[in-house]
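Worksheet: the structure to be examined is printed underneath.
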Amino acid sequence: MQKGPQMKLISLDALEPGKVLGRAIFNEKGTLLLGAGVAVTSRYLRRLKEMGYSAVYIEEKGYEDIEVKDVISDKTRIEAVSTISETFQTVRESSSSDRSGLDKNRVSNIADKIVDDLTGSDNKIMDLIDLKSFDNYTFLHSVNVSVLTVMVASNSGRFNTLDLRDMAMGSLLHDIGMAHVPIEVVQKQGRLTGAEFRLMKKHTQIGFEILQHKSSMKPVISCVPLQHQEYYNGTGYPNGLAQEKIHIYSRYTAIADVFDALTSDRCFKRRLPPHAALQYLSLGKSTHFDSELLKLFARHVATFPVGTTVMLNSGETAVVMKNNQEQMDRPLVRVLKSPDGKEVDKAYEVDLTSQTEYSIRDIVP
Ligand SMILES: [Fe+2]
């Protein structure tokens, strides 16, 4: 039997030196830092932690044929990240009174590639956790928010390619206004003071201004930076818009924005696993989002992404192999350890959708 990829998502705290990386790690400029197949030494491990990573994908016995597929090509994702990183730099370097425009064609080219990748293949479920460092957060976040937004929207069947391209562009640039918020405020580790929070909130209007007035973009694009912090019940900012007054592109982006922020490591907090982030979105913050769109989002983002190690209610340890949209909390898993923690002689599969006596109790970091 041919061996496929073996991908295990593992917390760096649980990672022992010598394990081999399953996915490459790039910086925000698109430069390769550590390639797939590289053995993680204790020095690399320390460096990864310093950079702000809390988990990586590695190759692991028992995880054969477990492949974590991205919904866009690596090439598109890397190019998008470097485009956004350079766009932030261009905007930051223009004086804040001038706030000149950005290279619209360049961003629109990469927005189109994201849409082409997503609509060109049958991508129904996001199974990849987009791991980030502190330094590359803003740029990887911008790209992943765009990917999530367009992926969910394209599966809704409500938008044509041109709509999706506008949506991709708006969501890629949703935080561009941050380029003119003082860096001390953006990167502050503790709680923001009232004055700092007011400065930070301005990124919505600044972003709008850069896209609408300085870069002559369509209102449906520039409304995304302007409205992505509005809440469905009208308690968001900057204008306290409610429900359908918030443009649909902004409502899609708002959900992807919060989900990606929650599942990313920041200098002030550790990432949440997707199941906890989705719970947070649906229970704690249901007033903030369009609940119909939130339901749609939950059908396309894996609760337990492929490669996640889970503990079943039986006490057995298993790895998630395949998700199904109808019951995201009941994936197909491969059991690797018995309840006493011993490796099973022969790994076996359990389909939680049909074997209803089983359920997932927790994830194993
Ligand atoms: Fe924002």
Side-chain angles (χ1 to χ4, degrees), residues 28 80-81 84-85 87-89 91-92 96 99 102 107 111 130 132 134-150 152 166-189 191-192 194-212 215 217 220-241 246-269 271-272 277 280-281 285 288-290 293-294 297:
E28 73 279 9
V81 169
I84 292 304
S85 147
T87 302
F88 264 75
Q89 195 168 344
V91 171
R92 195 171 283 137
S96 58
R99 282 177 197 159
L102 44 83
V107 182
D130 187 42
K132 305 174 183 70
F134 298 154
D135 291 338
N136 65 24
Y137 172 78
T138 305
F139 317 116
L140 267 69
H141 170 71
S142 298
V143 172
N144 206 42
V145 167
S146 187
V147 171
L148 288 168
T149 301
V150 177
V152 176
D166 288 344
M167 215 186 284
M169 185 103 164
S171 49
L172 270 173
L173 297 168
H174 76 280
D175 265 346
I176 191 67
M178 286 289 194
H180 283 304
V181 174
I183 199 91
E184 318 81 76
V185 175
V186 178
Q187 291 181 346
K188 186 169 174 185
Q189 302 210 4
R191 229 183 137 79
L192 296 181
E196 288 167 340
F197 194 51
R198 277 192 295 280
L199 269 177
M200 211 272 297
K201 281 170 142 182
K202 282 195 184 156
H203 80 281
T204 51
Q205 282 130 319
I206 299 171
F208 174 73
E209 207 174 296
I210 295 168
L211 299 201
Q212 179 86 353
S215 314
M217 290 192 195
V220 291
I221 299 176
S222 48
C223 77
V224 178
L226 183 66
Q227 299 178 346
H228 74 280
Q229 300 285 356
E230 299 285 5
Y231 292 153
Y232 201 65
N233 66 2
T235 62
Y237 64 87
N239 294 317
L241 300 180
I246 311 167
H247 191 270
I248 185 128
Y249 297 179
S250 311
R251 276 182 272 146
Y252 270 99
T253 305
I255 297 172
D257 181 21
V258 176
F259 176 80
D260 188 70
L262 289 172
T263 52
S264 301
D265 288 299
R266 310 295 305 277
C267 38
F268 48 87
K269 63 152 197 62
R271 71 180 182 90
L272 290 179
Y280 181 90
L281 287 182
K285 299 286 171 185
H288 291 185
F289 307 109
D290 181 334
L293 300 192
L294 196 55
F297 188 83

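One-based numbering, in listed order, for ligands and for the atoms of each. Counting from 1, the numbers follow the sequence of the chain as shown.
- Taking 2.8 Å as the threshold, Asp257 does not count as a candidate ligand of the Fe ion (ligand 1), since none of its N, O or S atoms lies below it.
- Using a 30° and 60° split on the angle between ring planes, Tyr249 and His247 fall in the perpendicular class, above 60°.
- Rounding to the nearest 10°, we obtain 180° for the angle at the Fe ion (ligand 1) between Asp175 OD1 and Gln229 NE2.
- Contact annotation: His203 places an N, O or S atom under 2.8 Å from the Fe ion (ligand 1).
- The two residues Leu172 and Ser142 come nearest to each other via the heavy atoms O-CB, 3.4 Å.
- In this pair, Phe139 and Phe88 present their aromatic rings perpendicular. The plane angle is above 60°, beyond the 30 to 60° band.
- Under the salt bridge (Lys or Arg N to Asp or Glu O under 4.0 Å) criterion, Glu28 pairs with no residue at all, not counting sequence neighbours.
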